[in-house]
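Please see the structure below; I have some questions.
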Amino acid sequence: MDLKFLEAVPTQGEQAAVDGLVGAPGEGDDPRFAAGGQHARDLRHLLLPALHAVSDTAGWISQGALNYICQRLSVPPAEAYGVATFYAMFSLSPRAPRVAHVCDDIVCARLGGSDIADELAATLGPAGSGQVVTWLRSPCLGLCERAPAAMVQLAGDTDQAIAPATADGVRTAVAGTGNGHVPAGGSQPSVSAPQTRRGDGQRLRLLRRIGVVDPDSLDSYRSVGGYAGLRRAIAVGPGRVIQEVSDSKLMGRGGAAFPTGVKWDAVAKAPVRPHYLICNADESEPGTFKDRVLMEDDPFALIEAMTIAGYATGCEQGYLYIRGEYPLATRRLQAAIEQARHRSLLGSDVMGAGFGFDIELRRGAGAYICGEETALMNSLEGYRGEPRNKPPFPTVSGLFGKPTVINNVETLFNVLDILTEGGPAFAQTGTERSTGTKLFCLCGAVAEPGLYEVPFGATLRELLELAGGSTGSLRAILLGGAAGSFVDPEALDVALTFEGMREIGASLGSGVIMPVDDGTDMPGMLRRIAAFFRDESCGQCVPCRVGTVRQEESLARLANGTEIGSRAREFALLDDLTRVMRDSSICGLGHTAPAAVQSAISLNLLERGDPE
Amino acid sequence: MTVDLGTIRRLVELTVDGEQVRVPEGSTILDACRAQDIETPTLCYAPNLTPVNACRVCVVELEGARTLVPSCARPVEDGMVVHTDSERVRHSRKMVLELLDSSVDLSQSGEDVDRWKDQYGVDAGRYGPPAAPAAAGERDARHAGHHEIPDGSTAATVAQPVKEDNDLYVRDYGRCIMCYKCVEACGTDAQNTFAIAVAGRGFDTRITTEFAVELPDSACVYCGNCIGVCPTGALKSVSEHELREAGQWDPDDETVTTTICSFCGVGCNLELHVQHNQIVNVTSPTDHSVTHGHLCIKGRFGFQHVQNLPEGS
């Protein structure tokens, strides 16, 4: 490829950051051949890590840095620019090296996030201003159980999440004043998963090691039964593993509820090689933090589960794609992967059993859409995180065009128990069609927010009681996050199962249960949801790209009382938008972008009490 | 000499609007519709480019599918039952056209688009008056994940000044519907130059060079294949742009003459578009086996010498 590059050159620091990832120029090159060519093009998948490396070092991506990345990876500069500008965490213009991202999404806004933003605006100046220190508003950071949340992105230093955050705390952390120690970044398992400290007889499966194991120690994980699942998997062989998973009737926990056994079987049998495994840890649904808690406090379990999945489906390479806003989980998983490698639990000969499997951790960079499986694959490959047209499905043509199994974190966690207990035994828990236990993220107007685990079949009421009930007078419950829908308090006795949700036209989605009390500014909340989708739409298809804009505009008019025509006409317009987004968008983001708004309208949550 | 017989393809049978249709395996639903003379609007589809199915105006209803499917990209399968004129299809097509019409200047998108807008009952005005155009460079600087919160009094648009930074063509992105065609033509579908790409996200996506540098500083080789595939007049030759600005653009007078490019021995077919005895544009037929509609800088822009006649002749 004869590429034309800019003339800009990188700084030494930028060049060192890129070289640290792809090696020094010329290193390992065969002197008989010109550098670049096919070899360099095969490195395209390193584009996102290279952008991260530069951004982590310099705080932004300069022309010189992008140019150097393009030269090393043989990527056209225009394409690399297109990729870099796709992600919210990157800046292609000079930006302060110390940035505080303050969550003002639907959970945090009411619980102090908006106040922090206001205070930072007053003391640090408008969002985005400032040469050395700045702050920005952020969509959900996945720390909802300890809202309000913030994350500080520090060039040349490790990023830190702060929750619960205060304006002072954020300012101290981002300014690097005080003793230099960032406050309260670490997770507190007993706060995030309240059941783990209750000992109330509730048998926890997925959460049972949370707060029990030392997340930094492989020995600690093994001392509580870790790697028993993989040992059994190796003992029974890949075919039997898939049989157990099929028998367990495990359904994907990422939102789409696809049978995991079917997916694994399809990839295992695919004749094309190699096969790839991806763990989708790009948890970004507003209100969702379940995968984060699992990864922060029980990282080895995910490594083991991925290894089992790789073994069963014939993958030698697994990718763990984690959202960029999870610095602690990223550090712990990276450390866990290294320990597992060191002990031959990953590598060319796992457990001495004669099969190879390794995991590469990849960080997202602020793009909700990359949680969509095919968008995630494009992102991994070094392209813009735009969803692909389906069919073909990933089991046939996924990452790098090869058969790919992609599972959510929580789904993979279930595999461990399926292996140790056996599939049929696992299926005894829960209901006929929704087996096992489910994690629910309770947040918002609830007495004790946190991650709760219950067998499928528990009702909404039971979940709320588990979390101490709603605060204030319950007006509605948002199920499934921003992409979910509001349900009426009358639906409290519906069972939280895949089939139960379908009956009331809702979806479990990512497992968010967010009570909304009567003090909530509903139009404001809906506008925040609409703003979220307007920001996060990848922009590829017209229904979503323009539809999310028109939806937000209409909600603004409804909130301001400046309707075009009448309220009924705005509702009709929103309904028209809903139908085209649901029918004709490329992916699930567009399909669900109007769901919360539509459900709110049908429950009359937007009515202001005055007659039309 | 060998004769290319093509690959032998099995016929696939499906039902389109109640009629049995048999088309070769590998065809798309759009091919099947066209074989039945069912008019299907398309914007981002082109016969000489890989389908990106981004515009969604060609959607049809496929029985058994939860959502509508893009006919341009969906291969036919035996037993498919397709509806091209159901209420859902009409609604989506209308909305896609309406959403575009409310945010993009479609006035140079051709007669077909005007007709479809009528046919599907597009009313772009119902989203409010269009917002003021963005200042030059403003949209290029937008940051993913952040936008100004609207008050709904106006409808956001992509209106912005025309980019004029070279002698051969202009980029009028206020007319851009983000169909990806120019990017594909600049990339692996034709030119392999990669001067432009899609950048940004959501409503702020745009076609741009790296860091929005001007075309002469980019990798552009001025083949003009991006102009050749642009369906909305966002990309056009300077000659056409200037005539339009001067109010002298006269498509009613236009004649098209087919000839063969004389610059080299490849044998590209050229179509000379002539208004008032002046060549205003050069294109190539998409079904031409040599060009597939694509040309180089010489074929597309090297026509001045033809009309470089002495004064007064």
If one checks every heavy atom of A:Phe90 against chain B at 4.5 Å, the contacting part turns out to be backbone

Can you tell me which portion of A:Ile61 sits under 4.5 Å from chain B's heavy atoms? Options are side chain, backbone, both or neither.
backbone

Of the listed residues (A:Thr548, A:Leu6, A:Leu555), which shares the most heavy-atom pairs with chain B below a 4.5 Å separation?
A:Leu6

Does any pair with a residue in residues 77-92 of chain A pass salt bridge (charged side-chain N to carboxylate O under 4.0 Å, His left out), and if so which ones, sequence neighbours excluded?
A:Arg44-A:Glu79

Taking side chain as everything from C-beta outward and backbone as N, CA, C, O, which of these in A:Ser554 sits under 4.5 Å from a heavy atom of chain B? Side chain, backbone, both or neither.
neither

Contact winner vs chain B - A:Ala556, A:Ala78, A:Gly82, A:Gly539, heavy-atom pairs under 4.5 Å
A:Ala78

What distance separates A:Arg528 CZ from B:Ile149 CD1, expressed to the nearest 0.5 Å?
7.0 Å

In terms of heavy-atom proximity below 4.5 Å to chain B, should A:Arg388 be classed as side chain, backbone, both, or neither?
neither

Members of residues 83-92 of chain B whose heavy atoms come closer than 4.5 Å to chain A
B:Glu87, B:Arg88, B:His91, B:Ser92

Non-hydrogen atoms of chain B under 4.5 Å away: do they reach the side chain of A:Pro139, the backbone, both or neither?
neither

With distance as the sole test, does B:His143 use its side chain to make a donor-acceptor pair with the main-chain N or O of A:Leu92 at under 3.5 Å?
no

Heavy-atom closest pair, residues B:Gly200 and A:Thr85:
N-OG1, 2.9 Å

Select one option (side chain, backbone, both, neither) describing which atoms of A:Tyr87 are under 4.5 Å from chain B's heavy atoms.
backbone

Please flag which part of B:Ala156 lies under 4.5 Å from any non-hydrogen atom of chain A: side chain, backbone, both or neither.
both

Evaluate side-chain contact (heavy atoms from CB on, under 4.5 Å) for A:Val75 paired with B:Phe194, printing each intermediate quantity in order.
CA-CA 9 Å; A:Val75 176; B:Phe194 308 99; over 6 Å; no

Chain A contact via B:Val57 - which portion, at a heavy-atom distance below 4.5 Å
neither

Please rank B:Asn53, B:Val96, B:Val104 by heavy-atom pairs under 4.5 Å with chain A and give me the top one.
B:Asn53

Highest number of heavy-atom pairs under 4.5 Å with chain B: which of A:Val83, A:Asn389, A:Asp535?
A:Asp535

Trace of the side-chain contact (heavy atoms from CB on, under 4.5 Å) decision for B:Leu99 with A:Arg550:
CA-CA 8 Å; B:Leu99 290 172; A:Arg550 297 290 177 251; 3.7 Å; yes

Heavy-atom cut-off 4.5 Å, strictly under: side chain, backbone, both or neither for A:Glu7 against chain B?
neither

Of all the residues in residues 131-141 of chain B, which have a heavy atom that comes within less than 4.5 Å of a heavy atom in chain A?
B:Asp140

Test your reading of the model: is there a side-chain donor-acceptor pair from A:Arg545 to the backbone of B:Asp204, 3.5 Å cut-off?
no

OG/A:Ser584 to CZ/B:Arg93 distance, rounded to the nearest 0.5 angstrom?
9.5 Å

Where do A:Pro543 and B:Cys55 come nearest, in terms of heavy atoms and distance?
CD-O, 4.3 Å

Let me know if A:Arg384 has heavy atoms under 4.5 Å from chain B in its side chain, its backbone, both or neither.
side chain

Got a second to check how far A:Gln540's CD is from B:Arg56's CZ, nearest 0.5 Å?
8.0 Å

Chain A neighbours within residues 26-33 of chain B, where any heavy atom lies under 4.5 Å away:
none

Which bit of B:Thr154 is near chain A, if near means a heavy-atom gap under 4.5 Å: side chain, backbone, both or neither?
backbone

So which of B:Phe203, B:Phe211, B:Tyr180, B:Tyr127 has the biggest tally of heavy-atom pairs under 4.5 Å with chain A?
B:Phe211

I need the minimum non-hydrogen distance between B:Gly145 and A:Ala88, along with the two atoms involved.
CA-CB, 4.3 Å

Do you know which of A:Ala84, A:Cys544, A:Ser91, A:Ala127 has the most heavy-atom pairs under 4.5 Å to chain B?
A:Ser91

Quick one: CG on A:Leu136 to NE2 on B:His146, what's the gap to the nearest 0.5 Å?
4.5 Å

Between B:Ser103 and A:Val549, is any pair of side-chain heavy atoms under 4.5 Å apart?
no

Against chain B, work out which of A:Arg569, A:Glu386, A:Arg582 has the most heavy-atom pairs shorter than 4.5 Å and name it.
A:Glu386

Could you check whether B:Asp151 pairs with A:Arg527 (Lys NZ or Arg NE/NH1/NH2 to Asp/Glu carboxylate O, under 4.0 Å)?
no

Give the minimum heavy-atom separation between A:Ile586 and B:Ala54, together with the two atoms involved.
CD1-CA, 4.4 Å

Pick from B:Thr205, B:Leu100, B:Val198: which one has the most heavy-atom pairs with chain A under 4.5 Å?
B:Val198

If you tally heavy-atom pairs under 4.5 Å against chain A, which of B:Gly202, B:Ala219, B:Ala197 wins?
B:Gly202

Spacing of CG belonging to A:Asp583 relative to OG1 belonging to B:Thr67, to within rounding of 0.5 Å:
7.5 Å

Looking only at B:Met95, B:Arg74, B:His147, most heavy-atom pairs under 4.5 Å shared with chain A are made by B:His147

Please classify the contact of B:Pro70 with chain A as side chain, backbone, both or neither, using a heavy-atom distance under 4.5 Å.
side chain

Of the non-hydrogen atoms in B:Ser218 and A:Lys4, which two are nearest, and what is the gap between them?
O-NZ, 3.0 Å

With only heavy atoms counted, which part of A:Ile564 is less than 4.5 Å from chain B, the side chain, the backbone, both or neither?
side chain

Selection from A:Gly366, A:Gly565, A:Pro391, A:Ser138 maximising heavy-atom pairs under 4.5 Å formed with chain B
A:Pro391

Which bit of A:Ala367 comes within less than 4.5 Å of chain B, counting heavy atoms only: side chain, backbone, both or neither?
both

